[in-house]
Amino acid sequence: MNIRTKIEILKGDITKVTVDAIVNAANNSLLGGGGVDGAIHRAGGQAILDDCRKIIARQGGCKTGQAVITTAGKLKAKFVIHTVGPVWNGGQKDEKVKLADCYKNALKLAAENDCKTIAFPCISTGIYKYPSNDAARVAVDAVLEFVSNSDKIDKVIFVCFDDDNFCFMKSQLNYKVYTVPSKVFADNEIIGTVNIGLEDDGMGVLSGQLIPTDNYNKYRDFFRQTFIEERDDKLIRINKFTKDNKFKVVADDGTEFKEPVVGLMIYDFDKEPIQVELNGIDNDIWGKYYK
Ligand code: AR6
C-alpha cells in the first residue's frame, strides 16, 4: 500500500472538517488566541476552554512541541488536540525538531484515544511565522514516519487555509498536478469554467466557479435536484455522479470528459458564485494530458 494515500490535503477551514480529532495550533497558555486557535474555540464553544483550564490547573499549560487533548465541544470531531508550535526564530532554536514533535505527539495522543482520522492545520505557519515551504516538509515527513510505523491512524488530513500552504503541502507529497482548462455544461449550456487537475497518484481534482448568470438559480436548483445531496452547512457533498444526468465537463479543446467524477462538492454561498470541486476523475482522456 502506498502510505501517501493515508494523507489528504484540503483547502479550507479546519472547523468544518469531519474527523475524530482536530488539531489546534495553540500557545503555551492554552487559553486561546487568534488564527486557527481562535476559530476552533469560537466554533467549539466554552467547553473546550473549560477543559483547557483543567489541564492548566493540572500541569500549567503546554510546552512547545507537546500536545494535550480536550473535548471538541460543539465541533463535529470527538476531540481537539492542542499542540504548541515553535515561534520561527531563524531556524537556530530547534524549531524543526519542535515542529516535528507537534505532529508526532498529536498523532500519538490521537492513537491513544482511538481516533482513526485526524485533521491538522499548518502549525506555526501563521502568527508564529515558520516559513510555509519548510514547515510543509517537516509536517509531511513527521506524519509519514508515524503512519509508516503504526496502523492506528487511517487518515491524516492537512487542512490548508491559503493557497501557498496548499501548494507546498501538495508538492511535498510529490503530487504533480496537471490542469486542463474546461467548461461545465448543464442542459447543454455553459454554466461555469473549471480547471481539472490530475495528480500523479491518479486522483483528480477540479476547482472553478459556476457563472452567476440569470440562470444561476435554475442551475443551483438543478444541482440540488440532480445529485444526491448531503447538506453540511453551506457545503453540499454530492457523492454520486451518473452518466444519464445533464451535467458534463468539456475541455477547451472540445474533448468531453465522459465520466469525469465520482464526487462533486458545491460550495453554495447565497450571494457568491458557487464553487465546484470534483474528485476522483477516472478517464482515458488523461493519457492525452498526463505524460
Ligand atoms: N482552518 C485551517 N487553518 C487555519 C484557519 C482555519 N480556520 N485559520 C488560520 N489557519 P496560526 P501559529 C491557518 O496563526 O502560526 C494563535 O494566536 C493559518 O493560515 O493560527 O501556529 C495561537 O494562540 C496558518 O497557515 O498559528 C498562538 O498564539 C496556520 O493555520 C499562535 O496563534 C497556523 O496559523 C500560533 O501561531
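The structure displayed is predicted, hence computed values, not measured ones. Counting starts at 1 for both ligands and their atoms, following the listed order.
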Student: Could you see which bit of I40 sits under 4.0 Å from ligand 1, with heavy atoms only: side chain, backbone, both or neither?
Tutor: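 Near ligand 1, I40 shows nothing, with every heavy atom at 4.0 Å or more.
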Student: Can you tell which of A119, S29, S124, G34 gets a heavy atom nearest to atom 16 (C) of ligand 1?
Tutor: G34
Student: Which residues end up grouped with I56 if you chain together Ile, Leu, Val, Met, Phe, Trp and Tyr wherever their side-chain heavy atoms are less than 4.5 Å apart?
Tutor: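 Its cluster mates, by chain and number, are L30, L31, L49, I55, V68.
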Student: Which other residues end up in the same hydrophobic cluster as V97, if Ile, Leu, Val, Met, Phe, Trp and Tyr are linked when side-chain heavy atoms come under 4.5 Å apart?
Tutor: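 Result for V97 is none, singleton.
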Student: Can you find an N or O of V36 that's nearer than 3.5 Å to an N or O of ligand 1?
Tutor: yes
Student: Which part of A39 is near ligand 1, with near meaning a heavy atom under 4.0 Å away: side chain, backbone, both or neither?
Tutor: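 Side chain only.
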Student: Report yes if some N/O of G35 lies less than 3.5 Å from some N/O of ligand 1; otherwise report no.
Tutor: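 It does not: no N or O of G35 is found under 3.5 Å from an N or O of ligand 1.
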Student: Out of P86, G32, G126, who gets a non-hydrogen atom closest to atom 34 (O) of ligand 1?
Tutor: G126
Student: Between ligand 1 and N27, is the shortest N or O to N or O distance under 3.5 Å?
Tutor: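 For ligand 1, there is an N or O atom that lies under 3.5 Å from one belonging to N27.
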Student: Hey, does P121 come in under 3.5 Å of ligand 1, counting only N/O atoms on both sides?
Tutor: no
Student: Report the member of Y128, F120, W88 with the shortest heavy-atom distance to atom 27 (C) of ligand 1.
Tutor: Y128
Student: Do Y103 and F120 make the cut of ring centroids closer than 6.0 angstrom?
Tutor: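 Yes: the rings meet the under 6.0 Å criterion.
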